[in-house]
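Before any comments, here is the structure.
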Amino acid sequence: MSPVKPAELACLPTIDFAGLNHRLDLKSRSMTVETLGKACKEMGCFQVAAHYTNCGLNFLPCVIFFLQVINHGISQSVMKGAKEVALDFFETSTDEKDALASNDIRKPVRYGASSKDSISDSRCFLKKYAHPLQEWIPLWPLSPPDYREKMGKYALEVRRVALQLMDAILESLGVSTGDLNEQLDEGMQVMAVNFYPQCSTPDLSLGLPAHSDYGCITILLQSCEGLQVIGGDGNAWQEVPQVPEALHVHIGDYMEVLSNGRYKSVLHRAVLNPDKKRVSVASIHGFSMDKKVAAAKEMVDEQHPKGYKESSFRDFLDYIEATDITKGKSFIDSLRLTST
Ligand SMILES: O=C(O)CCC(=O)C(=O)O
Ligand SMILES: [Fe+2]
């Protein structure tokens, strides 16, 4: 493998999530949506600040309403809990890991160290379906004993953030959101919980090679730095900073399809750290297993002919099963009708 060169720190836009909830202050919402749209177009990724804001102060009668409705950045204790149980799972529960180990990419919960969609042996992962939670949580690990409770709490909260972000991203495109929001509400949430060991030669091997995620958006929680992206028009890898209390969000293949190429799915990879192990929790949000996703009608006209084939999550799984993705092939490339 070619050496992994040091990457510059990315300067990523930060979206104040509270801005999306200014239902009483439409100007703030539309400004936030505009910023979000710019971030999606120019970088394909951004970070969401999870801090509380006092923007309710101008609306004294509504302060309580604002605190309840706008302040649903995920709490620190929930994020910390998810990272802790992730680490405990990888470090302690060997029997359970063995029991969940599988190369069958259709399994709703599976553990892997190296398989068809994990082309590196420096990463262990647990992939699991997470929505509807009550349907899948009985299949999640039982150890550590608080895994289901803590990861389940995070799964619900991150999904709520994802639905609001997807709504706002679609709004930024000028797409009518009604039906799409309903479909996304019934859509898949797949969580990839990743563990990367400390590595004394991080310049020689990657934790996870370059890829894009198939969903509409991915929200990533990380214990420390290690994620790199190629955003915007550049072709250099940039390190995503670890901003305390912020979540990293990137655009996936299905948002590229929906937007007919206006927003591009982001190429990303994980590098290894010389002095510490790392866990990350990638929550991928999209449509249901058999929903065929196509460009939104508002995104297609004479100047912008349809650029992608329709496809579903099941088609993605078929593609992954049939394709050697280690040879540089990607799902989104397989959907392209023209060069977009
Ligand atoms: O661990 C990371 O930073 C990236 C994980 C990732 O890209 C994935 O699970 O799809
Ligand atoms: Fe990814």
Side-chain angles (χ1 to χ4, degrees), residues 4 7 9-10 12 43-48 79 82-83 86-87 89-90 105 107-130 151 154-155 158 162 188-199 202 205-231 237-243 246-256 264-273 276-286 313 316-317 319-320 325-326 328-333:
V4 182
L9 207 58
L12 296 182
M43 282 300 285
C45 53
F46 52 90
Q47 303 211 331
V48 186
M79 298 207 269
K83 286 186 275 190
L87 190 61
F89 170 76
F90 289 111
I105 58 164
K107 281 212 153 165
V109 179
R110 67 194 176 94
Y111 168 78
S114 167
S115 73
K116 248 186 136 331
D117 62 348
S118 171
I119 43 186
S120 143
D121 52 12
S122 306
R123 175 183 80 140
C124 304
F125 65 86
L126 179 71
K127 287 201 177 170
K128 53 191 191 275
Y129 291 0
M151 195 58 87
Y154 176 71
V158 75
M188 308 272 304
Q189 174 183 12
V190 180
M191 294 175 95
V193 185
N194 303 297
F195 174 84
Y196 306 92
Q198 173 183 355
C199 171
S205 57
L206 282 166
L208 183 60
H211 65 283
S212 62
D213 293 341
Y214 66 86
C216 287
I217 62 169
T218 297
I219 302 188
L220 189 99
L221 174 68
Q222 53 175 346
S223 66
C224 60
E225 64 283 359
L227 176 68
Q228 297 190 345
V229 292
I230 292 191
W237 286 105
Q238 296 180 37
E239 181 185 317
V240 170
Q242 163 75 346
V243 179
L247 290 164
H248 173 83
V249 183
H250 55 237
I251 296 293
D253 295 347
Y254 278 127
M255 192 58 85
E256 178 166 338
K264 296 281 195 282
S265 70
V266 172
L267 212 54
H268 57 283
R269 67 182 189 180
V271 296
L272 301 167
N273 287 314
K276 54 194 165 207
K277 56 199 164 199
R278 172 170 182 262
V279 284
S280 71
V281 182
S283 188
I284 302 175
H285 301 266
F313 181 58
F316 165 76
L317 293 175
Y319 176 85
I320 291 288
I325 52 167
T326 59
K329 299 242 167 71
S330 79
F331 179 58
I332 188 71
D333 285 343

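In each ligand, atom 1 is the first atom listed, and ligand 1 is the first ligand listed. Because the structure is a prediction, the values reported are computed rather than measured.
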Measure across [X] and [Y] and return the closest heavy-atom pair with its distance rounded to 0.1 Å.
{"X": "Ala86", "Y": "Val193", "value": "CB-CG1, 3.5 Å"}
{"X": "Ile230", "Y": "Val266", "value": "O-CG1, 4.0 Å"}
{"X": "Ala155", "Y": "Gln189", "value": "O-NE2, 3.1 Å"}
{"X": "Leu227", "Y": "Leu220", "value": "CD2-CD2, 3.7 Å"}

Quiz item: Do the side chains of Ile320 and Phe331 get nearer than 4.5 Å, heavy atoms only?
Solution: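 No; the side chains remain at least 4.5 Å from each other.
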Quiz item: Would you call His211 and His268 a side-chain contact if the rule is heavy atoms closer than 4.5 Å?
Solution: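 A side-chain contact under 4.5 Å exists here.
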Quiz prompt | Contacts of type ring pair (Phe, Tyr, Trp, His ring centres under 6.0 Å), residue Tyr214, not counting sequence neighbours | solution =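 Here the qualifying residues are Phe313, Phe316.
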Quiz item: Can you name the side-chain contact (heavy atoms from CB on, under 4.5 Å) partners of Leu87, sequence neighbours left out?
Solution: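 Partners of Leu87 by the side-chain contact (heavy atoms from CB on, under 4.5 Å) criterion, ordered by chain and then number, come out as Glu91, Phe195, Lys277, Val279.
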Quiz item: Quick one: do the Asn194 and Arg123 side chains pair a donor with an acceptor below 3.5 Å?
Solution: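 Yes - a donor-acceptor pair under 3.5 Å links their side chains.
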Quiz item: What residues sit with at least one heavy atom under 4.0 Å from ligand 1?
Solution: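 Answer by chain and number: Arg123, Ala192, Asn194, Tyr196, Leu208, His211, Asp213, Leu220, Leu227, His268, Ala270, Arg278, Ser280, Ala282.
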Quiz prompt | Closer than 2.8 Å to the Fe ion (ligand 2) - protein N, O or S atoms, ordered by chain and residue number | solution =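 Atoms qualifying: His211 NE2, Asp213 OD1, His268 NE2.
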